[in-house]
Amino acid sequence: MSLIKINNENGISEITIDRPEALNAMNQEVVAEFSSVLQAALSDKETGIIIITGAGDKAFIAGADIKAMQKMTAEEALIYGKAGQKLTMLIESSPKPVIAAVNGFALGGGCEIAMACHIRIASENASFGQPEVKLGLLPGWGGTQRLPKIIGVGRANELITTGKIINAEEALRIGLANVIYPQDELLSSARKMASTILRNGPRAIASSLHCIKEGLSVPIKEGMEIEAQEFSKLFHHDERLEGLTAFIEKRPADFRD
Ligand code: DAK
């Protein structure tokens, strides 16, 4: 039985983790299936943007699978940990924007998947947290690395060491969520945001995401150089000519090709 649902429409690929009976907790099968569905969306020419969400109205992803981890050896945990890390890297380095539509619990590995996404929008009932230390674990899918970059070191230290779960309002306040919608408007709002993004130049978007991601881990001088090179590369393509010409001709740009 498939653990992931995929819906491709109007350039948007919607990936739904579909294991609601376990609050969409990600066991090894979910991680593997999610990775291959994501790879397919990344190489699909019709897909310009990806939305990730969870099935049901309770959870985005309630974490890595606690029941599966209880039975794992250290070797199996290493394989599982690396597979999850690889998945978050795939999301984070996607040239196509990835929006997390967080529709409930985003805990542990679920919060880590959301943090790897470029944009996080949340429903009013969403909650976020890294409760791994309560289980004698640490956030193993990039949480120790991404959370401080998103909300700052002090707050990340607090969230990770207390394991406390925060609601959507608090996530919004500290910058973990970009915006909050009523639950029944979450997906339509995600699609609306996706359509707005899709109207812009895909190369320019991919280059911008690349500069932002790379710039976070290098000194500013290097980041500026990456930005200058990416800017210049855009001049090898017609996309920028269409954007600049459309402005001068006072018409909307058409980047569809
Ligand atoms: N794993 C497995 N099953 C889960 C689950 C999870 N993370 N979360 C919920 N479930 C299951 C429950 O066991 C229950 O199943 P049954 O008992 O009915 O069979 C079903 O989903 C419904 O859950 P509840 O009955 O508990 O629902 P409630 O509304 O009462 O509570 C809750 C919702 C989200 C507060 C609660 O379920 C909960 O606390 N869940 C655990 C959340 C959590 O601690 N998540 C973090 C998991 S640890 C690493 C790799 C990965 C990681 C770390 C290292 N390496 C190998 C390096 C990541 C670790 C994690 O993500």
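As the structure lists them, so they are numbered: ligands from 1, and atoms in each ligand from 1.
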Using modelled atom types and a 3.5 Å cut-off, is there a donor and acceptor pairing between side-chain atoms of Asp18 and backbone atoms of Leu3?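 Judged by distance alone, no pair lies under 3.5 Å.
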Does any N or O in the side chain of Asn167 come within less than 3.5 Å of the main-chain N or O of Glu169, such that one atom is a donor and the other an acceptor? yes
Got a salt bridge between [X] and [Y], using NZ or NE/NH1/NH2 to carboxylate O under 4.0 Å?
| X | Y | value |
| --- | --- | --- |
| Lys71 | Asp65 | no |
| Arg155 | Glu158 | no |
| Arg256 | Asp254 | yes |
| Glu230 | Arg203 | no |

Is Lys82 in contact with ligand 1, taking contact as a heavy-atom separation below 4.0 Å? no
Gly84 heavy atom under 4.0 Å from ligand 1: no
Would Val37 end up clustered with Ile61 when hydrophobic side chains under 4.5 Å apart are linked, directly or stepwise?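 Val37 and Ile61: one cluster.
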Checking contacts now, so for [atom], which I'm interested in, is there any protein heavy atom under 4.0 Å?
| atom | result |
| --- | --- |
| atom 39 (O) of ligand 1 | no |
| atom 45 (N) of ligand 1 | yes |
| atom 10 (N) of ligand 1 | yes |
| atom 17 (O) of ligand 1 | yes |
| atom 55 (N) of ligand 1 | yes |
| atom 60 (C) of ligand 1 | yes |

Just need the protein heavy atom nearest to [atom], so name the residue and atom and give the distance.
| atom | result |
| --- | --- |
| atom 30 (O) of ligand 1 | Lys58 NZ, 4.7 Å |
| atom 52 (C) of ligand 1 | Gly140 N, 3.9 Å |
| atom 5 (C) of ligand 1 | Ala25 CB, 3.9 Å |
| atom 24 (P) of ligand 1 | Leu23 CD1, 4.5 Å |
| atom 51 (C) of ligand 1 | Trp141 NE1, 3.5 Å |

Any side-chain donor paired with an acceptor under 3.5 Å for [X] and [Y]?
| X | Y | answer |
| --- | --- | --- |
| Asn8 | Ser13 | yes |
| Arg146 | Thr88 | yes |
| Glu14 | Thr53 | no |
| Glu29 | Asn27 | yes |

Can you list the ligand 1 atoms lying under 4.0 Å from a non-hydrogen atom of [X]?
| X | result |
| --- | --- |
| Ala22 | 4 (C), 9 (C), 10 (N), 11 (C), 21 (O) |
| Gly63 | 61 (O) |
| Leu135 | 44 (O), 47 (C), 48 (S) |
| Leu107 | 34 (C), 42 (C), 45 (N) |
| Gly81 | 55 (N), 56 (C), 57 (C) |
| Leu138 | 53 (C), 54 (C) |
| Glu132 | 48 (S), 58 (C), 59 (C), 60 (C), 61 (O) |
| Gly108 | 46 (C), 61 (O) |

State, yes or no, whether a side-chain contact exists between Glu132 and Glu112 at a heavy-atom distance under 4.5 Å.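 Side-chain contact under 4.5 Å: yes.
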Sub-4.5 Å side-chain heavy-atom contact between Ser2 and Glu33: yes
Polar atom proximity, [X] to ligand 1 (N or O, under 3.5 Å):
| X | value |
| --- | --- |
| Ile66 | yes |
| Tyr80 | no |
| Gly109 | yes |

Note: heavy atom closest to atom 19 (O) of ligand 1, options Lys67, Arg19, Glu21, belongs to Lys67
Should the proximity of [X] to ligand 1, defined as any heavy atom under 4.0 Å, be assigned to the side chain, the backbone, both, or neither?
| X | answer |
| --- | --- |
| Ala62 | both |
| Ala64 | both |
| Leu78 | neither |

Hey, what do you get for CG (Asn24) to CZ (Phe34), rounding to the nearest 0.5 Å?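 Nearest 0.5 Å value for the CG-CZ distance: 10.5 Å.
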Could you measure the distance from the CD1 atom of Ile50 to the CD1 atom of Ile91? Nearest 0.5 Å is fine.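 Reported value, rounded in 0.5 Å steps: 8.5 Å.
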Where Phe105 and Ser127 come nearest, the two heavy atoms and their spacing: CD2-OG, 3.2 Å
